[in-house]
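Okay, structure first, notes after.
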Amino acid sequence: MSKTWRPATQLVHGGTLRSQYGETSEAIYLTQGFVYDSAEAAEARFKGETEGYIYARYGSPTNDMFEKRMCAMEGAEEARATASGMAAVAAAILCQVKAGDHIVAARALFGSCRWVVETLAPKYGIECTLVDGRHLENWEKAIRPNTKVFFLESPTNPTLEVVDIAGVAKLANQIGAKVVVDNVFATPIFQKPLELGAHIVVYSATKHIDGQGRSLGGVILSDKEWVTEHLQDYYRHTGPAMSPFTSWTLLKGLETLPLRVKQQTENASKIADFLAEQKQVAKVIYPGRKDHPQADIVARQMKGGSTLVAIELKGGKEAAFALQNALEIVKISNNLGDAKSLITHPATTTHKNLTDEARAELGISPGTVRLSAGIEDTDDLIEDFAQALSKIKA
Ligand SMILES: *Cc1c(COP(=O)(O)O)cnc(C)c1O
C-alpha cells in the first residue's frame with residue numbers, strides 16, 4: 001500500500017490482505033477465534049510478543065482491511081470498526097472520560113449522539129454543556145477546568161449548520177482537551193477533520209460508506225497513542241466490534257464511495273438551486289450555495305458541498321407532508337447517504353423528542369424537510385420535485 005495514492009485509489013486497494021488463493025475481491029473471514037501452532041505460540045500472542053489475531057471481539061482480518069482502508073482515506077494511524085455509528089460515538093466519547101470530567105458539545109447533534117452526552121454521560125458523573133456551535137466564543141465560554149472533550153458534527157443534522165473545526169481544535173489544544181468530530185454529513189471525501197486539527201473522527205458507516213441501505217456500521221479513527229491509551233481496552237472489553245460480514249459489505253461500499261458522493265452532491269446542488277427559485281419554498285440551506293449562512297467556513301474546511309439539502313416550505317407541516325406524499329422517485333425515509341433519494345420531516349420523526357423551543361434553536365420549523373440526494377438521474381429528480389410542488393398551494 002502506498003501512502004501517496006490519492007483517495008479514489010486508496011478506497012479500491014487500501015488495506016487489502018490477500019489470502020494464499022490470491023482472490024480479487026476481499027475475502028470474508030467469518031470466524032470468532034484463531035488457532036495457534038503451539039502452546040508457546042499462544043502464550044507469545046497473548047503476551048503481545050508476536051503479531052496476530054486472538055479473538056474477533058478484539059480484531060479480525062476482514063475488519064482489519066476495513067479499518068486500514070479507512071485509515072488510508074482519513075490520514076489516521078489507527079481505527080476500530082464498530083457494529084453501528086452509535087457504538088462508535090459512544091465508545092469514542094466514553095472511553096476517555098471519568099466521573100468529574102466535563103464535555104462541551106454542539107447542541108445541533110444527531111438525536112442519539114445528543115442523548116449520549118446530555119442524558120447518559122451525566123448519569124456517571126460526567127458533566128456536559130451544550131452550546132450553539134456556530135460561534136467559537138460559545139465554545140470558549142463553556143470551558144471549565146475539568147473540560148476533557150469537545151464533541152461536534154459538521155455540517156449538522158438536519159439544518160446543515162457548520163462548525164469551525166480548526167477553531168474548536170485550537171481552543172481544545174490550549175487546555176489539553178480532545179476534539180471528537182462526527183463526520184457523517186461531510187463524508188470522508190469532502191472533509192478531513194484530522195487535518196483540521198481534530199483528534200478523533202467517528203462515522204456512522206451505515207450512511208454513505210455503505211451507501212446502498214444494507215448494513216449498520218461505524219468506525220473510530222485517531223492516532224496510535226490515543227487508541228492505545230483510551231480506546232483499545234474499552235473496545236476489547238465492552239464488545240462493540242463489527243461483524244466481519246458487515247466489514248466486507250463496507251469494503252465494497254468504500255470502492256464506489258467517491259463515485260456515489262460525486263453524483264449525490266451534483267444532484268443535491270442542482271435540486272437546491274431549483275428549489276430555491278420555487279414559490280412554495282421559503283428557504284433552502286445548502287453548504288456550497290453562496291447564500292449558506294456560513295459560506296466562508298464551508299469554503300475553508302470542505303472540499304465540496306453536501307449530499308443533503310434542508311428545505312423550508314412556506315406552507316408549514318401541511319405543505320411538508322403534501323410534498324413528501326406527492327414525490328414518486330424520492331422515498332420517505334429518515335435514513336441518509338443511500339443510493340436512493342430519501343426525504344424526511346425532522347419535526348415529526350428524527351427530532352420529534354425535542355421541545356418546540358429546542359427545535360426552533362436548531363432552525364427546524366414545521367415546514368422543514370431534509371433531502372438526502374441519491375444517485376438517480378438529476379433531471380428525473382428535478383421533474384419529480386416539480387410535479388410534487390405543483391400539488392402544493394404556495
Ligand atoms: C446515523 C447517524 C449516527 C448513528 O449511526 P447508526 O449507524 O445509525 O448507529 C450518528 N451520527 C450521525 C450524524 C448520523 O447521521
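Both counts, for ligands and for their atoms, begin at 1 and track the order of listing.
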- Message: When you measure from the centre of the six-membered ring of Tyr203, is the NZ or CZ of Lys207 closer than 6.0 Å and no more than 45° off the axis?
- Response: no
- Item | Any side-chain donor near an acceptor of the partner, Tyr29 and Asp64, under 3.5 Å | no
- Item | Backbone N/O of Val163 and side chain of Ser154: donor-acceptor pair under 3.5 Å | yes
- Item | Within 6.0 angstrom of Gln32 CD, more than 12 heavy atoms from elsewhere | no
Note every protein N or O atom lying under 3.5 Å from an N or O atom of ligand 1, pairing the names and giving the distance.
from	atom 1	to	atom 2	distance (Å)
ligand 1	5 (O)	Ser204	OG	3.0
ligand 1	7 (O)	Gly85	N	2.8
ligand 1	7 (O)	Ser204	OG	2.8
ligand 1	7 (O)	Thr206	OG1	2.6
ligand 1	9 (O)	Gly85	N	3.1
ligand 1	9 (O)	Met86	N	2.8
ligand 1	11 (N)	Asp182	OD2	2.6
ligand 1	15 (O)	Lys207	NZ	2.8

- Item | All pairs passing side chain to side chain donor-acceptor pair (under 3.5 Å) where residues 324-342 contributes a residue, at least two apart | Ser341-Glu376
- Using the six-membered ring wherever Trp is involved, compare the ring planes of Phe245 and Trp248 and label them parallel, tilted or perpendicular (cut-offs 30° and 60°). tilted
